Every structure is written in structure tokens, then in C-alpha cells.
Chemist: 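Below: one structure in C-alpha cells.
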Amino acid sequence: MDSNKPARMRFAPSPTGRFHIGSARTALYTYLYARKTGGQFIIRIEDTDQKRFDPAAEDELFESLRWLGLAWDEGPDVGGPSGPYRQSERMAIYQRYASDLVESGHAYYCFCSPERLAEVRKLQQQRKEPPRYVGHCRRLNPAEAADRAAAGEKHVVRFRTSREGRTTAVDLLRGPIEVENSTIDDYILVKSSGMPVYHLAAMVDDHLMGITHVTRGSEWLPTFPLHVMIYEAFGWDQPVWVHLSVLLNPSGKGKLSKRDSSASGGGAHAIFTLDLRELGYLPEAVVNWVSLMGWSFDDHTEFFTMPDLIQAFSLEKLNPSPAAVNFSKLDHFNGLHIRNLAPEDLTKRLLPFFETAGIEISTADLEPVTPLIQKRIRTLDEAVDMAGFFFRPFTTPPVDELIGKGMTAAESAAAARRAAEVVRAHPALEHEPLENALRQLADELGLKAGQLFGILRGAVTGQRVSPPLIETMEILGIDVVLERIENAAKVLENR
RNA sequence: GCCCCCAUCGUCUAGGGGACCAGGACGUAGCCCUUUCAAGGCUAAGACGGGGGUUCGAAUCCCCCUGGGGGCACCA
């Protein structure tokens with residue numbers, strides 16, 4: 001397939017709920033291919049269901065896209081040549097195309113009530129028949145039906161599917177999908193409220209907006225032939241159809257849902273894009289991670305930045321089979337991308353997490369600390385646990401936390417006293433000389449380096465696990481370090 | 001129940017008839033490095049769902065079964 005012609009593509013969410021990683025993936029793939037081919041990435045809001053519309057969802061959607069770095073060329077906020085980009089503002093257009101279909105005989109007015117239809121459906125289910133419209137409105141005299149509709153009788157517009165023959169719909173990833181026309185229902189195209197449903201609105205918009213490649217979820221596969229029929233009824237050329245596989249829960253059982261998402265894969269995880277931001281994930285990592293769920297490049301490359309992805313991406317390598325999300329892999333990618341960041345950049349991104357933890361510090365405060373923790377954290381919020389002691393009021397830990405491994409309190413106290421002297425002798429806290437001197441001291445005391453360092457670590461950081469000791473001391477400064485060691489010695493002596 | 005899609009290690013995948021006693025990544029286990037924790041390096045365990053074909057030869061092609069997923073709305 002040629003990837004040279006600029007592709008005009010759209011991400012068309014319906015703002016009815018929170019923005020999850022499945023939507024993020026669809027948007028990403030759409031974005032990547034549009035960018036790769038030098039085409040356009042368009043946002044269209046599918047808000048024809050007034051009952052489910054949620055303005056907050058729309059805000060979150062844009063915020064998520066921005067956070068991920070998926071900039072759009074056309075959309076409801078920025079406009080563009082194919083506007084409006086909100087379906088609720090395109091009613092007249094759908095109205096017109098629906099009438100065209102009725103006039104050409106491809107659609108008809110149906111006056112059946114929802115209640116009647118529900119009854120029929122129930123009956124069909126009891127008889128184990130496929131639920132479908134069998135009503136007589138299909139056979140109504142078009143002129144009479146038009147009169148009734150014009151007179152204001154409540155009605156919907158239904159598509160008139162052929163009851164014979166077969167329809168072939170071609171999906172880029174799956175090839176031709178052939179179905180018996182008789183298995184396709186006479187779908188409602190326009191509701192009695194005058195609102196179009198997806199089947200009409202999306203087809204009309206994709207055509208009018210010049211969409212060349214349609215990317216959408218595989219939940220549309222069952223109605224895919226219907227969509228092809230609609231295109232044919234209008235006499236339009238079809239776009240390239242690409243149905244993306246669904247994302248499954250970590251267990252691999254069932255479509256990704258909020259319920260099971262935190263069950264496996266380690267720590268606290270979320271399926272909503274913005275929650276991931278809160279949990280300390282980098283957008284770079286989320287993009288990298290999500291890109292690999294259903295797509296691959298070759299047999300060894302997995303680390304990708306956005307520019308890499310744009311270059312490497314191709315629709316053909318998309319995988320039609322469902323993929324289970326793997327949160328531990330997100331952690332892995334997050335670690336990789338954290339390490340890939342320039343230290344100044346990481347510092348900037350870390351700051352908000354300290355603030356959330358109630359630690360008010362400046363860039364200058366954090367800057368020296370960042371290099372010490374960059375290799376040690378997998379999520380941004382871990383930085384607070386790891387390095388919060390640098391900025392929080394300090395209290396000397398209890399004796400038990402200060403005693404060296406396999407040592408008594410008295411021995412530990414003595415070692416701390418001697419270490420204090422060594423530190424005092426190195427007021428600049430230069431790494432090499434200080435470390436050597438401390439190692440020598442350990443030797444003299446008949447201790448392993450780890451035992452001595454352990455005592456000092458507890459004394460200086462108040463933690464069992466911390467960034468490297470000497471570097472930590474350098475940042476803390478000689479006075480603070482000596483004071484803490486002495487306090488620790490006192491605690492140990494008072495045992 | 002009906003329709004559609006999918007099927008390689010626990011998970012994400014490479015593989016598109018011989019280069020595969022199936023390669024990589026995450027996770028897991030062990031070792032090395034090491035002042036803790038990481039990072040890094042090395043090693044190990046771990047898969048072609050089953051049955052028929054086609055072929056000299058099948059993870060790769062076809063059929064059936066099984067399993068999984070999705071859909072059957074005046075929702076998208």
C-alpha cells in the first residue's frame with residue numbers, strides 16, 4: 001500500500017463518558033498515519049445522542065488528546081474547511097441526505113411505534129428468530145408515506161436493505177467480509193426526533209469531509225456491510241476501512257472495563273488517560289505503550305518516541321486480533337522514558353508531584369536531586385517517596401532502624417561517632433576521597449562497607465532505601481549531615 | 001439463539017511453505033555488578049488449541065471442531 005498520498009483522517013469520538021486508553025489508541029493510530037503521510041488529522045464530535053451527551057466528557061477528551069501530544073488540524077475549536085465538526089450542528093445536512101435516500105428508494109418512512117417494535121422483537125427472540133424489522137412500512141406506497149410524514153405523523157427513516165444477494169465489505173486488515181443481505185436489518189437512519197443515527201451521520205460526514213481512511217473500533221464490524229450499502233446507495237467511492245481490534249482486560253477476559261483494570265499488573269492503574277497522568281505516567285510512555293497494543297514494527301524495536309512512531313507506523317502492521325492490556329509493561333516504558341528525559345525536563349515534571357504531596361519546593365531545590373533518582377523511579381510520584389526526605393522536616397529514626405546489620409547498638413553508635421570524624425575531615429564532601437575514607441574506616445572497624453553505609457544511610461536519610469549516600473550527603477551539606485549522624489549516635493547510645 | 005471477527009510463551013508480539021528442535025519484549029527465577037534501592041549485563045523456565053487435508057515439506061495455505069472476543073437499540 002502506498003503511504004505517500006496524504007491521508008485525510010478523523011478521530012470521531014462521542015462524548016458520553018471518560019476518555020480511556022482504547023480511545024487514546026484509536027486516536028493515536030489515526031494521528032500517526034495522517035502525520036506520516038503528510039495529511040490531516042481531524043476531530044469530529046459525534047453528539048447525535050442528546051440523552052447521553054456529557055459536556056465534561058468533551059472537555060476531558062480534548063485535554064487527553066493535548067496531553068498525549070496529538071495535535072489536530074481541524075476540529076470544533078479550530079475550525080477548518082469541512083466544518084462544522086460537531087454533528088449536532090450538521091442536522092440540515094443529514095436531513096437532506098436522508099431525503100435523497102428516500103427519493104431514490106433506498107430508504108423509506110416507517111410509522112411503527114417503539115412499543116410495537118419492542119413487542120415484535122420479544123416475539124422474535126422467543127421464536128429464536130434473528131430480531132429484525134419485518135413491518136409493513138417497507139411496502140407502503142412511497143407517495144402515501146411521504147404525505148403522512150409531511151402531515152406530521154411521527155416517523156423514522158429506515159434504510160431499505162436488499163433481501164437477496166450478498167454484500168462484500170473490504171477491511172484493510174481482514175480482507176473481504178461477505179454477508180447475506182438478508183441478515184442485515186432495515187436499520188433506522190433518522191430517529192423520530194429528526195436526529196440521525198451513527199449509520200447515516202458518520203457515513204455522510206466521512207464522505208463530505210473527504211476522509212480517505214476510516215479508522216474505528218471493531219465493534220463496527222457487524223454493521224460494516226450496512227455502511228458499505230449506504231455508500232453504494234449514495235453512489236460514493238469508499239474510503240479505506242480499518243477496523244481496530246478491541247482492548248481486553250489484563251486477564252484477557254472481556255472488553256477492557258473499569259472493573260477489572262486494577263486487578264492485575266501491579267500497582268494502582270487506571271484505564272482513563274488522565275488518571276494515568278495523575279499516577280505519574282509520562283505521556284511519552286503512554287503513547288509508546290498504547291502504540292504497541294495491536295501494532296508492531298519489527299522483531300526487536302519497542303522503544304519509540306512520537307517522531308519515531310510517525311516514521312515507523314504503517315496500517316498494514318496493525319494486528320486484527322484483540323489485545324489484553326499489560327500494565328507492568330506501562331511501568332517498564334515509563335521507566336525507559338523517564339531515563340530518556342533531560343534532567344531539567346524531569347525536574348519540571350516532578351515538581352507538581354511534590355506539590356501534591358504538600359512539599360513546596362522550587363526548581364532550584366529539586367534540580368540537584370533529580371539525577372540521583374532518575375534511574376530509580378518508574379513513575380513520577382515515586383520521586384516523593386524516594387527523595388521527599390530532602391525537603392521534609394527531619395526526625396531521627398528509632399534505634400531499630402539505625403542499628404547496623406548484624407551489629408549491636410553500642411557498636412553502631414561507635415561506628416557512627418568514628419564516621420562523623422571522617423566526615424568532618426572532608427568538609428567538601430567530595431565523593432571519591434570521602435568514600436575511600438569511609439571504606440577505610442569500615443576496614444579498621446572490621447565491618448563490611450555495607451554495614452557502615454547502612455548505619456549512615458539511616459542516620460542521614462531516615463530511610464532504609466535512598467539515593468546513593470555520598471551524593472545525598474553532598475546535597476544535604478556538611479552541617480546537616482554531622483548533626484544527623486550525631487543525633488543518631490545519641491539515640492543508639494541511649495539504648 | 002443468530003451474525004461477524006480472531007487464534008504463537010502468563011501478557012504484547014516476530015513469523016506470511018523449507019533460513020524455526022519458533023526470535024524479541026514485559027513479567028517471573030537465578031547469577032554478575034553493587035553502600036541500600038534501582039539502572040545495567042548475563043542465564044533459565046515458558047507457546048505454534050485439536051483434528052483432518054494440500055505439499056517432498058506447514059506455525060505459515062484450505063476445511064471442520066474447540067476456544068476467545070464483538071455485535072444483534074429511535075447508543076455510538
Side-chain angles (χ1 to χ4, degrees), chain A residues 12-14 16 46-49 51-52 110 112-114 117-118 121 124-132 154-158 171 173-174 177-180 183-185 187-193 195-199 201-202 216-225 243 245-246 248 250-255 264-266 289 292-303 319-333 335 339 373-378 382 386 435 438-439 442 448-458 461 463-470:
Chain A
S14 132
T16 54
E46 312 220 321
D47 57 350
T48 53
D49 186 358
K51 284 193 281 296
R52 296 200 308 154
C110 172
C112 300
S113 73
L117 294 172
R121 217 176 356 251
Q124 287 171 327
Q125 273 163 3
Q126 279 167 7
R127 288 197 223 117
K128 301 201 192 298
E129 285 169 9
R132 70 188 328 278
K154 211 154 175 64
H155 66 278
V156 299
V157 177
R158 279 183 189 277
D171 174 73
L173 309 180
R174 286 159 260 254
I177 295 166
E178 233 184 71
V179 295
E180 299 281 347
T183 63
I184 299 177
D185 203 0
Y187 279 85
I188 287 173
L189 260 24
V190 179
K191 308 176 206 177
S192 57
S193 64
M195 283 277 187
V197 300
Y198 175 89
H199 306 303
R216 32 134 72 159
S218 63
E219 65 269 22
W220 293 115
L221 243 20
T223 44
F224 181 22
H243 293 87
S245 67
V246 283
L248 270 26
S251 61
K253 300 266 175 215
K255 206 170 158 183
S264 74
W289 174 58
L292 259 16
M293 301 176 30
W295 174 82
S296 62
F297 181 61
D298 56 24
D299 64 348
H300 63 276
T301 316
E302 288 211 322
F303 182 85
N319 192 153
S321 47
V325 297
N326 181 347
F327 286 105
S328 64
K329 202 145 186 173
L330 171 59
D331 286 345
H332 171 249
F333 279 121
R339 274 168 260 139
I373 58 175
Q374 186 156 17
K375 279 204 296 258
R376 282 162 232 277
I377 55 173
R378 305 194 111 195
E382 281 171 11
M386 184 113 251
E435 180 174 347
L438 285 172
R439 281 179 185 284
K448 290 197 165 169
Q451 290 175 295
L452 216 213
F453 279 92
I455 296 167
L456 296 177
R457 183 182 313 284
T461 69
Q463 300 179 175
R464 278 255 154 83
V465 172
S466 81
L469 225 210
I470 313 284

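Since the model is a prediction, treat every value here as computed from it, not as a measurement. Numbers restart at 1 for each chain; the letters A, B, ... are given by sequence-line order, proteins then strands.
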Chemist: Check every atom of A76(B), U13(B), G71(B) against the side chain of S296(A) and return the nucleotide holding the closest atom.
Modeler: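 For the S296(A) side chain, the nearest candidate turns out to be U13(B).
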
Chemist: When only distance counts, do a donor and an acceptor, one from the side chain of R52(A) and one from the base of C75(B), lie under 3.5 Å apart?
Modeler: yes

Chemist: Would you measure the distance from the C1' atom in C74(B) across to the matching atom in C64(B) and give it in whole Å?
Modeler: 41 Å

Chemist: Between R339(A) and G40(B), is there a contact of a side-chain N or O with OP1 or OP2 at under 4.0 Å?
Modeler: yes

Chemist: Taking the P atom of each, how far is G15(B) from G52(B), in whole Å?
Modeler: 28 Å

Chemist: Could you tell me how far C48(B) sits from C21(B) if I compare only their C1' atoms? Round to whole Å.
Modeler: 13 Å

Chemist: Kindly say if K191(A) contacts the phosphate of C75(B), meaning a side-chain N or O under 4.0 Å from OP1 or OP2.
Modeler: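 Yes, such a contact exists.
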
Chemist: For a quick check of understanding: with a heavy-atom distance under 4.0 Å over all strands, which category does C110(A) fall into, base, sugar-phosphate or nothing?
Modeler: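 Answer is nothing: C110(A) stays at 4.0 Å or more from every strand.
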
Chemist: A45(B) and G40(B): how far apart are their P atoms, nearest whole angstrom?
Modeler: 23 Å

Chemist: Quick one: label K448(A) by what it contacts on the DNA or RNA (base, sugar-phosphate, nothing), any heavy atom closer than 4.0 Å.
Modeler: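 Counting heavy atoms under 4.0 Å across all strands, no contact is made by K448(A).
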
Chemist: Identify which nucleotide among A76(B), C6(B), C74(B) has an atom closest to any side-chain atom of P114(A), counting heavy atoms from C-beta outward.
Modeler: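 When the side chain of P114(A) is considered, C74(B) is the closest of A76(B), C6(B), C74(B).
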
Chemist: Assess, by modelled atom type and distance only, whether the side chains of H243(A) and R216(A) contain a donor and an acceptor separated by less than 3.5 Å.
Modeler: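 Yes, because at least one side-chain N or O of H243(A) sits under 3.5 Å from a partner of the opposite role on R216(A).
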
Chemist: Please list, chain by chain and in numerical order, all residues satisfying side chain to side chain donor-acceptor pair (under 3.5 Å) with R457(A), sequence neighbours excluded.
Modeler: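 So R457(A) forms a side chain to side chain donor-acceptor pair (under 3.5 Å) with S466(A).
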
Chemist: Taking NZ from K253(A) and P from G70(B), how many angstroms apart are they, rounded to a whole number?
Modeler: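 Taking atom P of G70(B) as the reference, NZ of K253(A) is at 11 Å.
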
Chemist: Can you figure out which of A14(B), C75(B), A7(B) approaches the side chain of D49(A) most closely?
Modeler: C75(B)

Chemist: Would you say NZ of K448(A) has more than 12 non-hydrogen atoms from neighbouring residues, nucleotides or ligands within 6.0 angstrom?
Modeler: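 Atom NZ in K448(A) is not packed in, count stays at 12 or less.
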
Chemist: Expressed as a whole number of angstroms, how long is the span from L248(A):CG to C5(B):P?
Modeler: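 For the pair L248(A) CG and C5(B) P, the rounded distance is 18 Å.
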
Chemist: For C61(B) and G18(B), measure between their C1' atoms and round to the nearest Å.
Modeler: 15 Å

Chemist: Using a heavy-atom cut-off of 4.0 Å across all strands, would you classify N319(A) as base, sugar-phosphate, or nothing?
Modeler: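 Contact class for N319(A): sugar-phosphate only.
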
Chemist: What contact category does V197(A) fall into here, base, sugar-phosphate, or nothing, at under 4.0 angstrom with non-hydrogen atoms?
Modeler: sugar-phosphate

Chemist: Please give, in whole Å, the distance from G71(B) P to I184(A) CD1?
Modeler: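 Those two atoms, CD1 and P, are 17 Å apart.
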
Chemist: At 4.0 Å (heavy atoms only), tell me whether P225(A) reaches a base, stays on the sugar-phosphate, or touches nothing.
Modeler: nothing

Chemist: For the residue pair S245(A) and P320(A), what are the closest heavy atoms and their distance?
Modeler: CB-O, 3.5 Å

Chemist: When you compare G27(B) with A59(B), how far apart are their P atoms, in angstrom units rounded to a whole number?
Modeler: 31 Å

Chemist: Mind checking the C1' distance from G68(B) to U8(B)? Whole angstroms is fine.
Modeler: 15 Å

Chemist: I need a per-nucleotide contact map over nucleotides 21-28 of chain B, read 5' to 3'. Cutoff is protein heavy atoms under 4.0 Å; write B for the base, S for backbone only, - otherwise.
Modeler: --BBBBS-

Chemist: Rounded to the nearest angstrom, tell me the gap between atom CH2 in W220(A) and atom P in C75(B).
Modeler: 12 Å

Chemist: Does C2(B) have a Watson-Crick or wobble mate here (both distances under 3.5 Å), and if so which one?
Modeler: G71(B)

Chemist: Would you kindly give the OH-to-P distance between Y198(A) and G71(B), to the nearest whole Å?
Modeler: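 It works out to 14 Å between those atoms.
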
Chemist: With a non-hydrogen cut-off below 4.0 angstrom, is R174(A) in contact with a base, only sugar-phosphate, or nothing?
Modeler: sugar-phosphate

Chemist: Say we look at A25(B) and G70(B): how far apart would their C1' atoms be, to the nearest angstrom?
Modeler: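 Comparing C1' positions in A25(B) and G70(B) gives a spacing of 28 Å.
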
Chemist: Going through the distances and angles, do R158(A) and L189(A) end up as a side chain to side chain contact (heavy atoms under 4.5 Å, CB included)?
Modeler: CA-CA 5 Å; R158(A) 279 183 189 277; L189(A) 260 24; over 6 Å; no

Chemist: Is C33(B) paired to anything, Watson-Crick or G-U wobble with both distances less than 3.5 Å, and if yes, which nucleotide?
Modeler: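 Base-paired to nothing in any strand shown.
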
Chemist: Can you name the closest pair of heavy atoms from H199(A) and I188(A) and give their distance?
Modeler: CD2-O, 4.4 Å

Chemist: With a 3.5 Å limit on both atom pairs, tell me what A7(B) is paired to, counting Watson-Crick and G-U wobble, or say none.
Modeler: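 By the stated definition (distances under 3.5 Å), U66(B) pairs with A7(B).
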
Chemist: Considering just the side-chain nitrogens and oxygens of S192(A), establish if one lies under 4.0 Å of OP1 or OP2 belonging to C74(B).
Modeler: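 Checking S192(A) against C74(B): no side-chain N or O falls below 4.0 Å of OP1 or OP2.
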
Chemist: Run the side chain to side chain contact (heavy atoms under 4.5 Å, CB included) check on E302(A) and K329(A) step by step: do they pass?
Modeler: CA-CA 11 Å; E302(A) 288 211 322; K329(A) 202 145 186 173; 3.4 Å; yes

Chemist: For the pair made of NZ in K375(A) and P in C33(B), what is the distance, rounded to whole Å?
Modeler: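 Rounding to the nearest Å, NZ of K375(A) and P of C33(B) are 18 Å apart.
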
Chemist: Ignoring hydrogens, what is the shortest heavy-atom contact between S192(A) and V156(A)? Give both atom names and the distance.
Modeler: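 Nearest heavy atoms, S192(A) then V156(A): N-CG1, 3.5 Å.
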
Chemist: Whole Å only: how far is the CZ atom of R464(A) from the P atom of A38(B)?
Modeler: 15 Å

Chemist: Provide, to the nearest angstrom, the distance between the CZ atom belonging to F297(A) and the P atom belonging to G15(B).
Modeler: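 Rounded to whole Å, this separation is 11 Å.
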
Chemist: Give me the ring orientation class for F327(A) and W289(A): parallel if the planes are under 30° apart, tilted from 30 to 60°, perpendicular past 60°.
Modeler: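 If you compare the ring of F327(A) with that of W289(A), the planes turn out tilted.
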
Chemist: Using heavy-atom distances to pick each residue's nearest nucleotide on RNA chain B, tell me which of P468(A) and L292(A) is more 5'.
Modeler: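 The answer here is L292(A).
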
Chemist: Closest approach to the side chain of P322(A), judged atom by atom: which nucleotide of A38(B), G69(B), A76(B) is it?
Modeler: G69(B)

Chemist: Just to be sure I understand the rule, does V190(A) reach a base, reach only the sugar-phosphate, or reach nothing, if contact means heavy atoms closer than 4.0 Å?
Modeler: nothing

Chemist: Counting the atoms with a prime plus P, OP1 and OP2 as sugar-phosphate, which does G335(A) contact under 4.0 Å by heavy atoms, base, sugar-phosphate, or nothing?
Modeler: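 Here G335(A) touches no strand at all.
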
Chemist: Any base atoms under 4.0 Å from G217(A), or only sugar-phosphate, or nothing? Heavy atoms, all strands.
Modeler: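 No contact.
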
Chemist: Of all the heavy-atom pairs spanning M386(A) and V465(A), show the shortest one and how long it is.
Modeler: CE-CG1, 3.6 Å

Chemist: For the residue pair T301(A) and D298(A), confirm or rule out a side-chain donor-acceptor distance under 3.5 Å.
Modeler: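 There is such a pair (donor and acceptor under 3.5 Å, judged by atom type) between the side chains of T301(A) and D298(A).
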
Chemist: Name the closest nucleotide to the T183(A) side chain, picking from A76(B), C3(B), C4(B).
Modeler: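 Of the options given, the side chain of T183(A) lies nearest C3(B).
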
Chemist: Who does A19(B) pair with, Watson-Crick or G-U, both distances under 3.5 Å?
Modeler: none

Chemist: Closest nucleotide of RNA chain B for E180(A) versus for S14(A): which of these residues is on the 5' side?
Modeler: E180(A)

